[in-house]
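All remarks here apply to the structure that follows.
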Amino acid sequence: MKFRKILLVVTLLVGFTGLAQKEKPSLKIKQKYQEYFSLDREAFFLHLNKNVFIPGEDIWFSAYAFNPKRNTPNFETTNLYVKLLDENLKPYSTKTIFINKGKGSGYFKLDTLPAGSYRLVAHTNYMKNFSEDYYYNAEFTILQKDSVEINMRVIKMLSTIFNYCPKADI
């Protein structure tokens, strides 16, 4: 019995001295948090040639890299991955764009895509290291061929009306 009490006291003392030597978890978490947010981020902006396309057109884009923390261009990035996603967010096509001095450009052929809504998503491998969502994400639409023909008739009709009354005070 006496041996058990001594063993219990020794075990508790050894256990507590081991805990006393450890760093406080809150300090460790705070340090990791500060390290995480002190790292530079990169972000991209894609300038699209337009948001609505008729069947058979191509989508062209220019890419601009910047550092959102400093609000300055980012000249360190060289590869940008741009994905063309369908309505169900399934990849249709992917391209790697070379970024030189913070700028790059590219295009996707849209001739085989049916009418509907699509999305361009751009990111780098470095951006995958962070949980914040700095991926560039843009939506665009491809019109149905029938709606394009109807709209072209309306445009022709309106241009004819405006050609007959160029100086009308309406």
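Note that the structure is a prediction, hence the values are computed from the model and not measured.
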Legend entry - Hphob cluster co-occupancy, Y81 + Y135, side-chain heavy atoms under 4.5 angstrom: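 In one cluster: no.
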Legend entry - I97-Y92 co-clustered via ILVMFWY side chain contacts under 4.5 Å: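 As far as the 4.5 Å side-chain criterion goes, Y92 and I97 are connected within one cluster.
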[X] side, atom [atom1]; [Y] side, atom [atom2] - distance, nearest 0.5 Å:
X    : Y    : atom1 : atom2 : answer
L120 : L85  : CG    : CG    : 8.0 Å
T141 : E87  : OG1   : CD    : 9.0 Å
I59  : I142 : CD1   : CD1   : 8.0 Å
Y64  : S105 : OH    : OG    : 9.0 Å

Inset, instruction - Could you list the residues that satisfy salt bridge (charged side-chain N to carboxylate O under 4.0 Å, His left out) with K109, not counting sequence neighbours? - result: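 With neighbours one apart ignored, the set is D58.
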Legend entry - For K90, all residues meeting salt bridge (charged side-chain N to carboxylate O under 4.0 Å, His left out), sequence neighbours excluded: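 Salt bridge (charged side-chain N to carboxylate O under 4.0 Å, His left out) check on K90 returns nothing, list empty.
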Inset, instruction - Evaluate the side-chain contact (heavy atoms from CB on, under 4.5 Å) criterion for residues L110 and Y118: first the C-alpha distance (whole Å), next the side-chain angles of each, then the deciding distance (0.1 Å), finally the verdict. - result: CA-CA 10 Å; L110 304 178; Y118 294 89; over 6 Å; no
Which heavy atom of [X] sits nearest to which heavy atom of [Y], and what is that distance?
X    : Y    : result
I99  : A63  : CD1-CB, 4.2 Å
K50  : V52  : CD-O, 3.4 Å
A122 : L46  : CB-CD1, 3.8 Å
F44  : A65  : CE2-CB, 3.4 Å
M127 : H123 : SD-CA, 3.7 Å

Legend entry - Test side-chain contact (heavy atoms from CB on, under 4.5 Å) applied to E76 and E42, step by step: CA-CA 9 Å; E76 297 169 9; E42 61 186 10; 5.8 Å; no
Inset, instruction - Check whether more than 12 heavy atoms from other residues, nucleotides or ligands sit under 6.0 Å from atom CD of E139, and answer yes or no. - result: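 Enclosed: over 12 neighbouring heavy atoms sit under 6.0 Å from CD of E139.
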Legend entry - Neighbour count >12 (heavy atoms, 6.0 Å) for atom OH, Y107: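 Not buried by this count: 12 neighbours or fewer within 6.0 Å.
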Inset, instruction - Could you please spell out the steps behind the side-chain contact (heavy atoms from CB on, under 4.5 Å) verdict for F108 and V82? - result: CA-CA 10 Å; F108 285 100; V82 182; 3.7 Å; yes
Inset, instruction - Look at the rings of Y136 and F45 and say which category their plane angle falls in: under 30° parallel, 30 to 60° tilted, over 60° perpendicular. - result: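 The arrangement is perpendicular - the two ring planes meet at more than 60°.
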Inset, instruction - Pick out which of N74, N79, L80 makes a side chain to side chain contact (heavy atoms under 4.5 Å, CB included) with T124. - result: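 When side chain to side chain contact (heavy atoms under 4.5 Å, CB included) is applied between T124 and each of N74, N79, L80, only L80 qualifies.
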Inset, instruction - Give a yes or no on whether the backbone of S62 and the side-chain of K103 come within a donor-acceptor separation of less than 3.5 Å. - result: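 Looks like no, no N/O pair under 3.5 Å.
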Inset, instruction - Apply side-chain contact (heavy atoms from CB on, under 4.5 Å) to L84 and F140, showing your working. - result: CA-CA 10 Å; L84 175 59; F140 66 92; 3.4 Å; yes
